[in-house]
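Down below is the structure, laid out as structure tokens.
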There are 2 protein chains.
Amino acid sequence: MSQDGVGVDLETSLGYLLKQASTALRVAMEEVLRPLGMSVTHYACLELLAQRPGLSNSELARGAFVTRQTMNVLLQALERVGHVTRPAEAPVGKVLPTRLTPRGRRSLEKATVAVRSVEVRMLAGMTEAEQSDAFRLLQSMIHSLRDGNDGARVVARHTSRRARTGVQRA
Amino acid sequence: MSQDGVGVDLETSLGYLLKQASTALRVAMEEVLRPLGMSVTHYACLELLAQRPGLSNSELARGAFVTRQTMNVLLQALERVGHVTRPAEAPVGKVLPTRLTPRGRRSLEKATVAVRSVEVRMLAGMTEAEQSDAFRLLQSMIHSLRDGNDGARVVARHTSRRARTGVQRA
DNA sequence: TGACTCATGTCAGCATTCTGACATACCGTG
DNA sequence: CACGGTATGTCAGAATGCTGACATGAGTCA
């Protein structure tokens with residue numbers, strides 16, 4: 001209906017398109033993961049652990065793009081159902097290295113297949129060369145956003161820890 | 001730290017990179033929007049209304065990638081502070097066309113500048129041609145994900161629901 | 001015209017994630 | 001060694017978005 005002639009730049013905005021793509025991907029993943037009783041963050045956590053055994057809570061959080069608090073509650077749940085294990089005491093410092101249990105690994109396997117199929121579908125219609133291009137271009141955007149910062153010297157970024165204080169909503 | 005030799009495919013996954021890029025963009029936007037007391041969804045709503053006056057609640061929801069319920073509470077808040085207006089009664093059907101007030105428009109203008117700067121930063125280091133490539137590739141991914149579906153006829157999904165009649169297009 | 005399907009607006013309850021805060025452990029520098 | 005700076009794990013409360021559900025209006029088809 002609203003087909004106006006204005007140079008609506010949402011239609012031409014890469015940022016908007018990026019959000020759209022990411023949303024489509026998330027939805028598609030939720031779709032195939034739901035039957036397995038698994039959320040995207042849930043899957044990301046397991047996949048990270050499979051590929052890098054012994055990651056800590058904080059490292060997992062960064063890898064899954066959530067706060068370490070959020071990852072912590074997820075890990076506690078996963079521990080309860082026996083998908084991961086953490087030592088009762090930290091071998092060094094406070095860092096608790098997490099590992100998949102055989103059971104967790106089996107659970108992951110089904111999920112990996114499902115997720116892989118989504119990624120394959122997403123890449124359908126793109127040549128190898130185009131996939132490489134996409135990879136390179138996305139990396140460029142990420143890099144520019146991360147440290148191509150204006151004035152505000154971002155040093156830490158826990159996960160996104162600029163956080164002045166909460167947003168005062170309208 | 002954990003730099004194992006395993007062919008860690010999270011490092012080469014376009015899906016993972018897409019999420020990373022989208023997260024970086026969201027964080028960057030929140031950063032510049034926070035001083036203005038505005039969230040990303042909040043901004044998206046105003047921007048949509050500026051470019052397509054008279055959009056309905058549901059159309060705005062689809063355009064901002066949230067459910068219509070979520071958009072509804074946002075609109076009520078925006079109405080309360082006088083940034084948008086909706087007729088008390090629907091001119092036709094149940095659809096309430098929403099419009100920006102002058103005040104809402106002023107509020108948007110500042111935000112637009114801020115957001116534009118983020119997008120410019122994100123595109124820094126990319127040529128025009130590369131930006132076009134990125135656009136085309138993202139569109140391809142979105143399209144493949146949306147209807148390149150495998151048998152599983154999922155209908156549910158308030159948000160990306162069909163949307164033949166809405167903002168969607170492309 | 002009546003039945004059916006679909007989209008919309010909205011209320012209410014629930015889930016997930018986030019922000020705030022605290023204690024603690026490591027590391028570099030003076 | 002003491003100290004400031006940074007990271008970590010974790011608990012608790014708050015915000016944000018989502019699912020469920022309902023009534024209503026419009027379009028379609030027989």
Side-chain angles (χ1 to χ4, degrees), chain A residues 1 23 26-27 30-31 33-34 37-45 54-62 64-77 79 86-98 153-170, chain B residues 1 23 26-27 30 33-34 37-45 54-62 64-77 79 86-98 154-168:
Chain A
M1 46 176 64
T23 299
R26 182 177 48 72
V27 168
E30 283 169 354
E31 210 165 278
L33 250 24
R34 191 172 309 120
M38 206 179 282
S39 74
V40 174
T41 306
H42 189 142
Y43 160 75
C45 175
L55 282 188
S56 71
N57 175 28
S58 288
E59 291 170 317
L60 286 168
R62 281 190 292 268
F65 310 107
V66 296
T67 61
R68 63 187 196 279
Q69 292 92 328
T70 297
M71 183 53 74
N72 192 35
V73 314
L74 175 58
L75 280 183
Q76 288 174 347
E79 223 171 350
R86 282 190 291 181
E89 298 228 340
V92 52
K94 301 188 68 179
V95 179
L96 295 174
T98 312
R153 272 300 52 93
V154 177
V155 189
R157 76 183 300 286
H158 276 209
T159 275
S160 69
R161 193 142 193 89
R162 194 71 253 155
R164 269 293 147 270
T165 36
V167 179
Q168 46 268 40
R169 53 277 188 243
Chain B
M1 49 201 74
T23 300
R26 182 178 48 74
V27 167
E30 283 170 354
L33 251 23
R34 191 172 308 120
M38 207 179 281
S39 74
V40 174
T41 305
H42 189 142
Y43 161 75
C45 175
L55 281 189
S56 71
N57 175 27
S58 290
E59 291 171 317
L60 286 168
R62 279 191 292 267
F65 309 107
V66 295
T67 60
R68 64 187 197 277
Q69 293 91 330
T70 297
M71 182 54 73
N72 191 35
V73 314
L74 175 59
L75 280 183
Q76 288 173 349
E79 222 171 351
R86 282 190 292 181
E89 299 227 340
V92 52
K94 299 188 69 180
V95 178
L96 295 174
T98 312
V154 177
V155 165
R157 203 63 206 166
H158 288 239
T159 302
S160 55
R161 190 185 193 51
R162 203 71 294 192
R164 276 302 158 265
T165 62
V167 184
Q168 301 299 45

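Protein chains get the first letters and strands the later ones, always in sequence-line order, with residue 1 at the start of each. Note that the structure is a prediction, hence the values are computed from the model and not measured.
In this structure, CZ of B:Arg34 is placed 12 Å from P of D:dT16, rounded to the nearest angstrom. Put simply, CD on B:Glu59 is 13 Å from P on C:dA7, counting in whole angstrom units. Distance A:Asn72 CG to C:dT19 C1': 15 Å, rounded to the nearest Å. Residue B:His42 contributes atom NE2, which lies 16 Å from atom C1' of D:dG17 at whole-angstrom precision. Between the CG atom of B:Leu96 and the C1' atom of C:dT10 there is a distance of 10 Å, given to the nearest Å. Atoms CD (B:Gln76) and P (C:dC11) sit 5 Å apart, rounded to a whole Å. Distance CZ (B:Arg86) to C1' (C:dT8): 11 Å, rounded to an integer number of Å. In this entry the distance linking CG of B:Leu75 with C1' of D:dG17 reads 15 Å, nearest Å.
At a threshold of 4.0 angstrom between heavy atoms, the contacts of A:Ser58 are confined to the sugar-phosphate backbone, with no base atom among them.
Counting heavy atoms from C-beta on, the side chains of B:Gln76 and B:Arg86 come closer than 4.5 Å. Side-chain contact between B:Asn57 and B:Thr98 is absent, with no heavy-atom pair separated by less than 4.5 Å. Under the 4.5 Å side-chain criterion, counting only non-hydrogen atoms from C-beta, B:Met71 is in contact with B:Cys45.
Side-chain atoms of B:Lys94 lie closest to D:dA23 of the nucleotides D:dA23, D:dG9, D:dC22. Side chain of B:Gln69, nearest nucleotide from C:dT8, D:dG20, C:dC26: D:dG20. The side chain of B:Thr67 has D:dC18 as its nearest neighbour among D:dC22, C:dC26, D:dC18.
For A:Arg26, no side-chain nitrogen or oxygen approaches OP1 or OP2 of C:dT16 to under 4.0 Å. The phosphate of C:dT8 (OP1 or OP2) has a side-chain N or O of B:Arg62 nearer than 4.0 angstrom. In this model, the phosphate group of D:dC18 is approached by a side-chain N or O of B:Thr70 to a distance below 4.0 Å at OP1 or OP2. Phosphate contact (OP1/OP2 of D:dT16, side-chain N/O of B:Thr41, threshold under 4.0 Å): absent. Phosphate proximity of D:dT8 to A:Ser56: absent, as no side-chain N or O sits under 4.0 Å from OP1 or OP2. An OP1 or OP2 oxygen of C:dT8 is reached within less than 4.0 angstrom by no side-chain nitrogen or oxygen of B:Asn57.
The shortest non-hydrogen separation linking A:Pro97 to A:Pro87 is O-CD, 3.1 Å. Among all heavy-atom pairs drawn from A:Val40 and A:Glu30, the shortest one is CG2-CG, 3.8 Å.
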